[in-house]
Amino acid sequence: MAMVGITSCRKIEDYRQSVLHVGGEARLLDPSMSVDEALQGVEGLLLTGGEDVEPALYHEEPHPQLGEVDRARDAFEVGLVGRARAQGLPILAICRGLQILNVACGGSLIQDIPSLVAGALEHRLAVPPHQSFDLAHEIWMESDSLLARLMKERVPDGDVCQVNSRHHQAVKDVAAGFKVSATAPDGVIEAIEDPAARFCLGVQWHPEMLTHRPDQAGLFTHLIGAARARPGLALAA
Ligand code: MN
């Protein structure tokens, strides 16, 4: 088994089930824990969706369309990212998770896509609860990325696929050392990864709502696989 630490959020059950479904174990991590306590025994980190990231963390003033922020959660997750990366833990970051990963590593965010990106697609698609896997737009994957390799292993038909979309923020400046692994047709960044890490991937869409699709479930399968295969466990202790 591989123990995956999942950051607390309002829709935790979708994330938890996605990990359990592919044979992982799940531990919920919340800001009442210290970073040390939270990561004790954890072999992989899943950063989940939720509130906007406090813009002061990337040296910007709040935009009028900034949504709810949770500074305690931000601080906790910045700490988790730093420690997890230092320990070589595999990281899968989803939606806000991608955004906090980018900010924790020195990048910045577009605070509100509709007001700041001319000609942007609809990225905050409201869908009725019974249609939770409705799709919103294409993503174009970089063919030499970890993301494309993982997805094509399951769906070998090119570097394009359809995803859902429930965000109004996106990556602006990509953190140093990271690269863009997918964009939407309007140029909005939809995935980033750290090519120097064994598995450190952030996606802007919600694969935890698309696990009926092999390519999307595969992201969780590979997180578990990377957690099990983590080298240098003794070094990280
Ligand atoms: Mn999107």
Side-chain angles (χ1 to χ4, degrees), residues 7 9-11 14-15 18 46-53 55 58 63 65-69 77 91-103 105 107-129 131-143 145-148 150-152 154-155 157-175 178-194 200-213 215-220 223:
T7 51
C9 69
R10 292 187 189 127
K11 297 189 167 180
D14 289 332
Y15 298 95
S18 298
L46 178 57
L47 296 166
T48 60
E51 302 83 359
D52 286 351
V53 174
Y58 49 93
H63 183 278
Q65 297 303 318
L66 179 73
E68 188 184 343
V69 298
E77 293 182 1
I91 299 174
L92 178 61
I94 294 174
C95 198
R96 166 202 156 82
L98 167 155
Q99 295 165 4
I100 196 79
L101 172 66
N102 187 54
V103 168
C105 296
S108 67
L109 302 178
I110 295 168
Q111 290 193 42
D112 183 58
I113 294 170
S115 27
L116 296 169
V117 181
L121 296 167
E122 180 56 78
H123 286 272
R124 189 179 239 174
L125 196 70
V127 291
Q131 291 177 2
S132 60
F133 49 80
D134 265 17
L135 300 174
H137 60 71
E138 282 184 347
I139 57 161
W140 301 344
M141 290 179 273
E142 294 299 321
S143 54
S145 63
L146 171 68
L147 175 71
L150 299 187
M151 302 265 281
K152 286 171 80 172
R154 305 295 185 102
V155 181
D157 57 355
D159 298 325
V160 177
C161 78
Q162 291 280 334
V163 297
N164 51 12
S165 193
R166 295 180 172 204
H167 58 112
H168 82 115
Q169 299 201 316
V171 169
K172 184 160 68 180
D173 298 314
V174 180
F178 280 72
K179 69 173 196 175
V180 174
S181 30
T183 52
D186 57 7
V188 166
I189 293 172
E190 289 280 336
I192 63 170
E193 61 191 59
D194 176 3
C200 182
L201 174 65
V203 300
Q204 187 59 76
W205 66 95
H206 286 277
E208 82 283 3
M209 294 175 167
L210 298 170
T211 52
H212 59 286
R213 270 170 53 181
D215 59 337
Q216 303 293 315
L219 297 176
F220 297 97
L223 172 67

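Note: hydrogens, waters and symmetry copies are ignored here, and every other heavy atom, side chains too, is used. Counting starts at 1 for both ligands and their atoms, following the listed order.
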Inset, instruction - Would you check if the side chain of Ser165 reaches a backbone N or O of Leu125 as a donor-acceptor pair within less than 3.5 Å? - result: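 Not at all, since once roles are kept as given, no pair shorter than 3.5 Å links the two residues.
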Legend entry - Criterion side chain to side chain contact (heavy atoms under 4.5 Å, CB included) on Val53 and Glu77, from CA distance to verdict: CA-CA 10 Å; Val53 174; Glu77 293 182 1; over 6 Å; no
Legend entry - Ser115 side chain to Gln65 side chain, donor-acceptor N/O pair below 3.5 angstrom: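 No, Gln65 and Ser115 have no side-chain donor paired with an acceptor closer than 3.5 Å.
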Legend entry - Polar side chain donor-acceptor pair, Gln204 to His123, under 3.5 angstrom: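 No, His123 and Gln204 have no side-chain donor paired with an acceptor closer than 3.5 Å.
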Legend entry - N-O pairing of Lys11 and Glu208 below 4.0 Å: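 Not counted as a salt bridge, because no side-chain N and carboxylate O are separated by less than 4.0 Å.
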Inset, instruction - Under 2.8 Å from the Mn ion (ligand 1), how many protein N/O/S atoms do you get? Just the number, please. - result: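 If we list every protein N, O or S atom nearer than 2.8 Å to the Mn ion (ligand 1), we get 5.
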Inset, instruction - Would you mind reporting whether Ile94 and His206 have side-chain heavy atoms less than 4.5 Å apart? - result: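 Contact flag for His206/Ile94 side chains = yes.
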